[in-house]
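Here the structure is laid out as structure tokens; the discussion comes afterwards.
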Amino acid sequence: MRKKIHNHFAYYIVLSAILFLGFFAIQKTSNLEDRMLFISIITFCYVLFGIIHHLLNHKFNAKIMLEYVLIGCLGISLIFFILKGGLGI
Amino acid sequence: MKKKLSGFFYPHDSNNYRARLLHLDSLLVIILALIISSFLLTGIKTAFPSVLGISTGMSIDQLLALTNQKRIENGLTPLALNSQLSVAAENKASDMFSKNYWAHNSPDGKTPWDFISSAGYSYAYAGENLARGFNNSDQVINAWMASPEHRQNMLSSNYKNIGFAIRPGNLTGEDTVLVVEMFGTGIAIAQNAPEIASNNTIEENYAQQIQEEVQKTEEVPKPQEIQNPTLAQNSNQEQNIAGLQTKPLLNSKALSKNIVLIVIYILIFTLLVDVIIIEKRKVIRFVGHNLDHVLFLIFILSLVFLFTKGFIL
């Protein structure tokens with residue numbers, strides 16, 4: 001696993017930077033609509049970045065693409081659950 | 001049974017070397033379950049508010065005791081709970097909910113001092129602290145103490161009286177519990193202690209107006225005897241506070257937060273166990289990077305804490 005991380009070090013750094021900057025931007029925004037827009041953009045970037053990385057460096061198939069899309073949807077549905085079910089927004 | 005259960009979290013030949021929880025159909029089931037249950041929670045909240053709703057472990061007694069404890073620790077005299085300041089705080093909270101704003105001044109320009117004056121409290125010094133979205137009194141007091149401006153209000157030697165309001169409701173589209181803390185020193189007290197230091201945070205010093213106010217107060221009866229319309233609302237406000245004490249069985253915010261945290265922790269645990277076992281066994285498979293998903297779930301986890309934390313103003 002250490003070798004794998006080492007091989008894709010730049011990829012993980014860029015992905016972490018996208019997520020960290022995304023969180024920073026969301027934290028600085030107080031408007032809920034803007035926050036949801038940022039979350040959607042970050043999720044889209046995460047899915048796209050994962051797919052592109054697999055296209056360029058690994059064997060790519062529809063199942064991998066679907067996995068990234070589903071994990072992205074899962075993240076959004078977790079936030080939706082907190083906002084709708086918990087906070088009544 | 002044990003093998004079936006472990007197959008949910010551990011990769012082996014029976015689950016095609018991928019923890020069952022991470023299979024695409026399982027992820028789809030979790031997504032659908034979350035969406036359906038969020039609507040279900042909303043429905044239960046509306047239909048059975050006594051079962052599920054916004055509640056808090058806060059009380060005015062606790063807030064007063066903790067505020068005074070902090071003051072005593074810092075060598076200051078404790079504040080006395082004042083019914084007029086509590087009425088002012090209640091009126092401010094009602095105004096915030098009805099006009100849907102999160103600010104010291106209302107959209108129509110009403111200041112905290114207007115609420116204090118209209119509650120019949122003639123002040124020489126006054127201040128206001130606001131909080132929302134906290135689960136207990138300790139969290140509120142600690143958050144105020146951590147903020148220099150709010151700390152200055154709590155530890156100001158200018159103040160002799162205090163009033164609180166704790167009100168649940170929907171503010172700026174979010175179900176929350178609002179806490180209003182009003183500080184004050186009556187004109188008579190301020191005149192007896194003219195050496196009080198000034199506080200330049202959310203506090204107003206009407207030193208120049210004191211003489212005018214004193215003349216007014218000389219002409220009107222004692223505060224207890226003032227026929228003030230805001231005091232007439234006392235019974236309603238007491239009912240509101242009592243309503244808060246008969247809190248729902250389950251706190252929707254805490255419940256949803258705990259469910260989401262459990263789901264995220266289980267998924268992160270499963271993803272890490274899955275990748276460690278596969279790397280150890282050197283199994284070749286074509287799936288996404290687990291570490292990508294872990295990083296993304298940590299991002300979502302951070303957002304959950306961001307959305308559910310309390311705010312002070």
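Convention: sequence-line order gives letters A, B, ...; per-chain numbering from 1.
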Is there a donor-acceptor contact under 3.5 Å linking the side chains of E67(A) and H293(B)?
yes

Hey, which of T176(B), I259(B), L28(B) has the most heavy atom pairs under 4.5 Å with chain A?
I259(B)

Going through the distances and angles, do D108(B) and K99(B) end up as a salt bridge (Lys or Arg N to Asp or Glu O under 4.0 Å)?
CA-CA 9 Å; D108(B) 51 8; K99(B) 290 173 188 161; 2.9 Å; yes

Hey, which of I35(B), L303(B), I298(B) has the most heavy atom pairs under 4.5 Å with chain A?
L303(B)

Sort out for me which of F296(B), F39(B), F307(B) touches chain A most, counting heavy-atom pairs under 4.5 Å.
F296(B)

With a 4.5 angstrom heavy-atom cut-off, could you sort out which part of L19(A) is near chain B: side chain, backbone, both or neither?
both

If you count heavy atoms of other groups shown closer than 6.0 angstrom to CZ of F49(A), is the number above 12?
yes

Return the option, out of D292(B), I278(B), V260(B), with the maximum number of heavy-atom pairs under 4.5 Å with chain A.
D292(B)

Where on F23(A) is there a heavy atom nearer than 4.5 Å to chain B: the side chain, the backbone, both, or neither?
both

Is the Lys NZ or Arg CZ of R151(B) less than 6.0 Å from the centre of W144(B)'s six-membered ring, within 45° of the axis?
no

Which of E181(B), E149(B), H104(B) passes side chain to side chain donor-acceptor pair (under 3.5 Å) with N129(B)? It is E181(B)

Selection from L24(B), I44(B), L27(B), L267(B) maximising heavy-atom pairs under 4.5 Å formed with chain A
L24(B)

Please flag which part of L52(B) lies under 4.5 Å from any non-hydrogen atom of chain A: side chain, backbone, both or neither.
neither

Measure distances from L295(B) to the heavy atoms of chain A and classify the residue's part below 4.5 Å as side chain, backbone, both or neither.
both

Interface moiety of F20(A) toward chain B, non-hydrogen atoms closer than 4.5 Å:
neither

